[in-house]
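Scroll down for the structure; my scribbles are underneath it.
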2 protein chains.
Amino acid sequence: MTDDRIMTIREMCDAYDVTPRTLRFYEAKELLFPIREGQKRLFTKRDRARLKLILRGKRFGFSLEEIRQLLDLYHMGDQQQTQLARTYEIAQQRLSDMEAQRDELNQAIDELKEQMRWGEKMLASMDQSKRAAE
Amino acid sequence: MTDDRIMTIREMCDAYDVTPRTLRFYEAKELLFPIREGQKRLFTKRDRARLKLILRGKRFGFSLEEIRQLLDLYHMGDQQQTQLARTYEIAQQRLSDMEAQRDELNQAIDELKEQMRWGEKMLASMDQSKRAAE
DNA sequence: CGTCTGAGTTACGTCAACGTAAATTCCCAT
DNA sequence: ATGGGAATTTACGTTGACGTAACTCAGACG
């Protein structure tokens with residue numbers, strides 16, 4: 001399977017459009033755990049899966065620390081149930097935050113649309129005046 | 001009307017749960033324009049309206065600069081139509097950004113919910129094992 | 001009149017998420 | 001052996017959105 005190929009840092013950068021600095025930074029922050037073959041880093045399928053989630057998380061405005069927590073939930077195997085329950089709580093909290101944000105966002109979108117219709121009419125009437133003046 | 005009352009910086013801070021530093025910072029960034037009576041700042045209904053929008057914008061992850069642009073659209077009265085059209089464009093761009101973000105957010109919420117159901121089942125089975133062990 | 005409080009100005013500090021530059025180090029082909 | 005091209009480490013720089021400390025100044029109050 002070409003699926004669990006191992007990738008160099010360059011390949012990763014090209015594939016996910018990030019810089020080497022970013023990948024090393026994520027490793028330092030314990031978001032990724034590439035294999036260290038001598039000096040070089042080698043990224044596995046696991047790292048690629050995590051990176052995808054990191055990048056998506058970022059698009060939602062999560063901090064790297066928050067993302068790390070969620071990643072722990074995703075990849076929790078046979079940990080203590082206490083920790084798992086805690087992290088589960090965190091995820092629930094985040095979920096309701098996200099839903100609240102989505103609702104507010106929807107409302108704001110509607111309001112902004114209203115405002116823009118207002119702008120449209122203004123532009124139209126100004127165009128009229130302009131034609132009349134010529 | 002108690003609506004267009006004028007408020008001191010302290011009253012504003014209490015009412016909107018921000019620090020004086022924040023309000024002065026927003027003034028410096030031209031997001032607010034309190035009246036300067038001698039030394040003191042006095043905040044009008046207009047400032048309060050703007051502040052509400054600023055705070056909401058922040059919850060969506062807009063930068064203060066982006067918020068300033070939107071505020072300009074909201075409070076645009078009789079400006080040149082060129083500027084207005086430009087700002088209108090910006091607002092449209094932002095709108096589609098927001099909608100894309102909302103869609104992605106919805107998708108992530110669904111996926112996270114899935115993942116959490118997974119976590120629920122794990123917790124349940126672990127609870128079973130625990131009972132059996134006692 | 002002294003002082004205490006609240007507001008203001010100035011300017012340096014902070015935190016996140018990297019960017020960027022400098023100085024190795026490693027491998028490979030000439 | 002040697003020069004070239006990656007990758008690495010170290011460490012200082014950057015941007016946004018304020019925090020925080022130091023000092024000043026204007027009223028209010030006993």
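Every chain is numbered from 1, with letters handed out A, B, ... down the list of sequences. These values consider heavy atoms only, across backbone and side chains, with no hydrogens, waters or symmetry-generated copies.
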Within the side chain of A:Asp4, is there an N or O that forms a donor-acceptor pair under 3.5 Å with the backbone of A:Thr44?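 The answer is no, because no donor-acceptor pair under 3.5 Å joins these two groups.
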Does B:Phe33 offer a backbone N or O that forms a donor-acceptor pair with the side chain of B:Arg46 under 3.5 Å? yes
Measure from [atom1] on [X] to [atom2] on [N] and round the result to the nearest Å.
X	N	atom1	atom2	answer
B:Ile54	D:dG16	CD1	P	17 Å
A:Gln39	D:dT9	CD	C1'	8 Å
B:Leu55	D:dC18	CG	C1'	14 Å
A:Met12	D:dA7	CE	P	13 Å
B:Leu23	C:dA7	CG	C1'	12 Å
A:Glu65	C:dC18	CD	P	14 Å
A:Leu51	C:dA17	CG	C1'	15 Å
A:Glu37	C:dC27	CD	P	10 Å

hbond_proxy A:Arg41 side chain to D:dT8 base (donor-acceptor, 3.5 Å cutoff): no
Under 4.0 Å: is that the gap between some side-chain N or O of [X] and OP1 or OP2 of [N]?
X	N	result
A:Thr19	C:dG19	yes
B:Tyr26	D:dC18	yes
A:Arg36	D:dA7	no
A:Lys58	C:dC18	yes

Looking at residues 27-35 of chain A, who's got a heavy atom less than 4.0 Å off DNA chain C?
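Contacts with DNA chain C under 4.0 Å: none.
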- prompt: Toward the 5' end of DNA chain D, which comes first, B:Leu64 or B:Lys40, by nearest nucleotide?
  reply: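 Of the two residues, B:Leu64 wins.
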request  = Among the candidates C:dG8, D:dG19, C:dC18, find the nucleotide nearest to the side-chain atoms of A:Phe25.
outcome  =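 The closest nucleotide is C:dC18.
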Check your understanding: Where the side chain of B:Thr22 is concerned, which of D:dC18, D:dA7, C:dA7 is the nearest nucleotide?
Key ->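 Of all the options, the side chain of B:Thr22 is nearest to D:dC18.
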Do [X] and [Y] come within less than 4.5 Å of each other through their side chains, counting heavy atoms only?
X	Y	result
A:Met12	A:Pro20	no
B:Leu23	B:Tyr16	no
B:Ile9	B:Arg24	yes
B:Lys58	B:Ile67	yes

**Report entry** Heavy-atom pair of closest approach, residues A:Ile54 and A:Leu32
**Finding:**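 Shortest heavy-atom contact: CD1-CD2, 4.0 Å.
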Scanning both residues in full, the closest heavy-atom pair of A:Arg68 with A:Lys29 reads CD-O, 3.4 Å
Base, sugar-phosphate, or nothing for B:Arg24, non-hydrogen atoms under 4.0 angstrom? base
Taking for each residue the nucleotide of DNA chain C with the nearest heavy atom, is it B:Ile9 or B:Arg21 whose nucleotide lies nearer the 5' end?
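Looking at the nearest nucleotide for each, B:Ile9 comes out on the 5' side.
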